[in-house]
2 protein chains.
Amino acid sequence: MSKYASNKGTKNSSAPPLKGVNRALEVLELVASKPGRATDIANELGISWATLHRTLSQLEQGGFLERDSDSGRYNIGTKAWQIGTKYLANHRVLELAQPYLDSAAGKGSLTVQLVQRSGRIALTLYSRNISGEIITKATYGYHFPLHCGSKGQVLLAYSPREFIESYLDGPLESLTSESVVNPEKIRKIIEDIKSNGYAFTEGDVQPFSGSISAPVFDHQGSLVAAVCIITRRSAFKDQARKEEITEIVLQTTQSISIALGWRPSGILKK
Amino acid sequence: MSKYASNKGTKNSSAPPLKGVNRALEVLELVASKPGRATDIANELGISWATLHRTLSQLEQGGFLERDSDSGRYNIGTKAWQIGTKYLANHRVLELAQPYLDSAAGKGSLTVQLVQRSGRIALTLYSRNISGEIITKATYGYHFPLHCGSKGQVLLAYSPREFIESYLDGPLESLTSESVVNPEKIRKIIEDIKSNGYAFTEGDVQPFSGSISAPVFDHQGSLVAAVCIITRRSAFKDQARKEEITEIVLQTTQSISIALGWRPSGILKK
DNA sequence: TGAATATATCCGTTATATGGATATAATATA
DNA sequence: TATATTATATCCATATAACGGATATATTCA
């Protein structure tokens, strides 16, 4: 039927789809978010088994996927890490921010992260963990939705209005019993964050941890990342300690933003 | 160029190649190792411009590549990091090793890494850097060939004979004027490493840094990773310090190997 | 300003991926 | 242990979807 009707309605002539490649990328994304067996993947993606099989083999052969021969489950492979790390090697903001993050971590023996928004999730770019106190999911590879955890909330709060709305329209998952998933309440939280300049949450990602985050801006005043300090929840009971941590976060984000050319008063440098 | 010969003569019936997907993966690998403009990539891979363009667009649209609109250069994109980090989240050895690595880092304010072999390169899985002393390329995203740096040499030394030979047959790049690239000399180094149980190199990766590495084995006694301690070269002038660091490396690898079920004397547990 | 180089897009042709069907392997169940 | 069930692997004729030469546009350089 559709011999030549590949073009969608998009104003600029939509690119030809390269179906095979697209499927492979989809498979990668799916496996990343939910490792599983071949059949699961085929069902989830609604593609024929034979087709999927070829794709899986190809990805496995390239090292992008790995298959555990006992369980038959596919996982992300070595090559994906090898290539993914190259993203960091060219990351201007990270390079610039790193010394400030390390210094912050030193100040209070804290877990400090630099995070960035990627679609609907908060993506950790750098994580400086303190040996003594290990918070399970405060490392690379744990991506949370934006409405859970102070880091996501900050990233959400300073995103464009339209994005916020479309985000809140989507499904809002609960990570713990304390996660806030009511759009109306999240809107309120966003208000607060924007007036305070930082976010604080506890127990909404992991039951026994809490975090404080603040935004990093570039020379145009737009959000590029967030800095997040995570620690065990109990630490925040001590009000003085909490204020101290807040101070460290704000100082750090301010320093990084300034290093990026941002000017506090909104006066852009010419 | 043509990395993997499409399975023609393989004994089992040749699998269908899925050319498009394969090309996309090749592009990713190439960009990771050498970011560049579209034309460069097309030439390097020897594929027609039109074809490449589609592939690039698709990868960019998926977030696997990013294009700097000023320079026109393509780099690895956010999504690649997002997915790559998931590799770590499922990494048994890393999970188990991490506490030991952190403890080692604490002992001497050192940069400690866990590395793994991936094809012809040494791939960093975990890197604990010390704030004060920053060694430029001791982070994620810098992948070195196996013959440069103690970590690569250890990984090479304990690889299967046949792999070593095929590795030495390939082209051996120099990273600094002190890199050893003579196959005969490398064979000698491998001998030494296997009799000492660790490797030490300086100035062969970066002029002013040096490192000591030792192998990590699993319950079957096969190499799974290496632990590497990197510091400024001058530190190794102090013989006592050098021995101290060697001791830390060996203790760490031993602990991790044992935790993996390896038994020192070669006695396998039943 | 014009030449040269890089990027974007079009479109007929055919090589290539598709998916139903069949074959084999691995589990679950009786 | 035998048998049903579900998962994985492979084959092959067909039509779809990708290819690449050619052309159009944008960008860079001299």
Side-chain angles (χ1 to χ4, degrees), chain A residues 1-28 30-31 34-62 65-75, chain B residues 1-2 4-28 30-31 34-62 65-75 77:
Chain A
M1 192 97 301
S2 57
K3 219 36 180 320
Y4 12 54
S6 293
N7 287 12
K8 296 287 152 56
T10 359
K11 31 67 224 282
N12 77 9
S13 65
S14 73
L18 236 341
K19 260 177 74 169
V21 174
N22 202 52
R23 183 175 22 245
L25 300 183
E26 274 175 21
V27 169
L28 275 176
L30 179 64
V31 173
K34 185 146 53 96
R37 290 168 315 158
T39 340
D40 307 333
I41 300 170
N43 291 338
E44 194 97 18
L45 259 51
I47 57 188
S48 107
W49 159 259
T51 303
L52 177 80
H53 182 256
R54 268 184 304 252
T55 305
L56 286 174
S57 310
Q58 189 69 231
L59 287 170
E60 191 185 5
Q61 182 184 312
L65 290 181
E66 278 168 16
R67 178 165 191 269
D68 178 39
S69 42
D70 293 336
S71 66
R73 298 167 67 80
Y74 284 87
N75 265 302
Chain B
M1 260 128 268
S2 56
Y4 332 83
S6 332
N7 19 5
K8 272 295 160 55
T10 356
K11 71 276 155 123
N12 77 10
S13 64
S14 71
L18 233 348
K19 260 176 74 169
V21 174
N22 202 52
R23 186 179 14 252
L25 301 183
E26 273 177 20
V27 169
L28 275 176
L30 179 64
V31 173
K34 185 147 52 99
R37 290 167 316 159
T39 339
D40 306 333
I41 299 170
N43 291 338
E44 194 97 19
L45 259 50
I47 56 188
S48 106
W49 158 260
T51 303
L52 178 78
H53 182 257
R54 267 184 306 250
T55 304
L56 286 175
S57 311
Q58 189 70 230
L59 287 170
E60 190 185 5
Q61 183 183 310
L65 290 182
E66 278 169 17
R67 178 167 192 270
D68 177 38
S69 43
D70 293 335
S71 65
R73 297 166 67 81
Y74 284 88
N75 265 303

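Here is how names work: the chains are called A, B, and so on, in the same order as the sequence lines, proteins then strands, and each is numbered from 1.
Contact of the A/Asn75 side chain with the A/Asp68 side chain is not registered, since no non-hydrogen atoms from C-beta on lie closer than 4.5 Å. Looking only at side-chain heavy atoms (C-beta outward), A/Leu52 and A/Thr39 stay at 4.5 Å or farther from each other.
B/Lys19 has its NZ atom 12 Å from the C1' atom of C/dT14, to the nearest Å. Separating the CG atom of B/Leu18 from the P atom of C/dA17 is a distance of 6 Å, rounded to the nearest angstrom. Rounded to whole Å, atom P of D/dA7 lies 13 Å from atom CZ of A/Arg73. Between the CG atom of A/Leu52 and the P atom of D/dA7 there is a distance of 13 Å, rounded to whole Å. Rounded to an integer number of Å, the gap from A/Arg37 CZ to D/dA9 P is 12 Å. When the C1' atom of D/dA18 is taken as reference, atom CG of B/Asn22 falls 15 Å away, rounded to whole Å. Between the CD atom of A/Gln58 and the C1' atom of D/dA9 there is a distance of 16 Å, given to the nearest Å. Rounding to whole angstrom units, CD1 of residue A/Ile47 and P of D/dT16 are separated by 19 Å.
Remark: B/Thr51 is not in phosphate contact with D/dA18, judged by side-chain N or O atoms under 4.0 Å from OP1 or OP2. Within the 4.0 Å cut-off from OP1 or OP2 of D/dG21, not a single side-chain nitrogen or oxygen of B/Ser48 is found.
For the residue pair B/Ala38 and B/Leu56, the shortest heavy atom distance occurs at CB-CD1, 3.8 Å. The minimum heavy-atom distance linking A/Ala24 with B/Val21 is given by the pair CB-CG1, 3.8 Å. Heavy-atom minimum distance, A/Leu25 versus B/Gln58: CD1-O, 4.1 Å.
For A/Ala50, whose side chain is taken as the heavy atoms from C-beta onward, the closest listed nucleotide among D/dC11, C/dA8, D/dA7 is D/dC11. The nucleotide whose nearest atom lies closest to any side-chain atom of B/His53 is, among C/dG20, C/dA8, D/dG20, C/dA8. Here the nucleotide nearest the side chain of B/Arg54, chosen from C/dT7, D/dG20, D/dA9, is D/dG20.
Residue side chain B/Trp49 does not reach the base of C/dA6 through any donor-acceptor N/O pair under 3.5 Å, judged by distance alone.
Heavy-atom distances to DNA chain D give each of A/Ala38 and B/Gly20 a nearest nucleotide, and the one nearer the 5′ end belongs to A/Ala38. Place B/Val21 and A/Ser71 on DNA chain C by their nearest nucleotides, and B/Val21 ends up nearer the 5' end.
Nucleic acid contact for A/Asn43: none, since no nucleic acid atom lies under 4.0 Å from a heavy atom of the residue.
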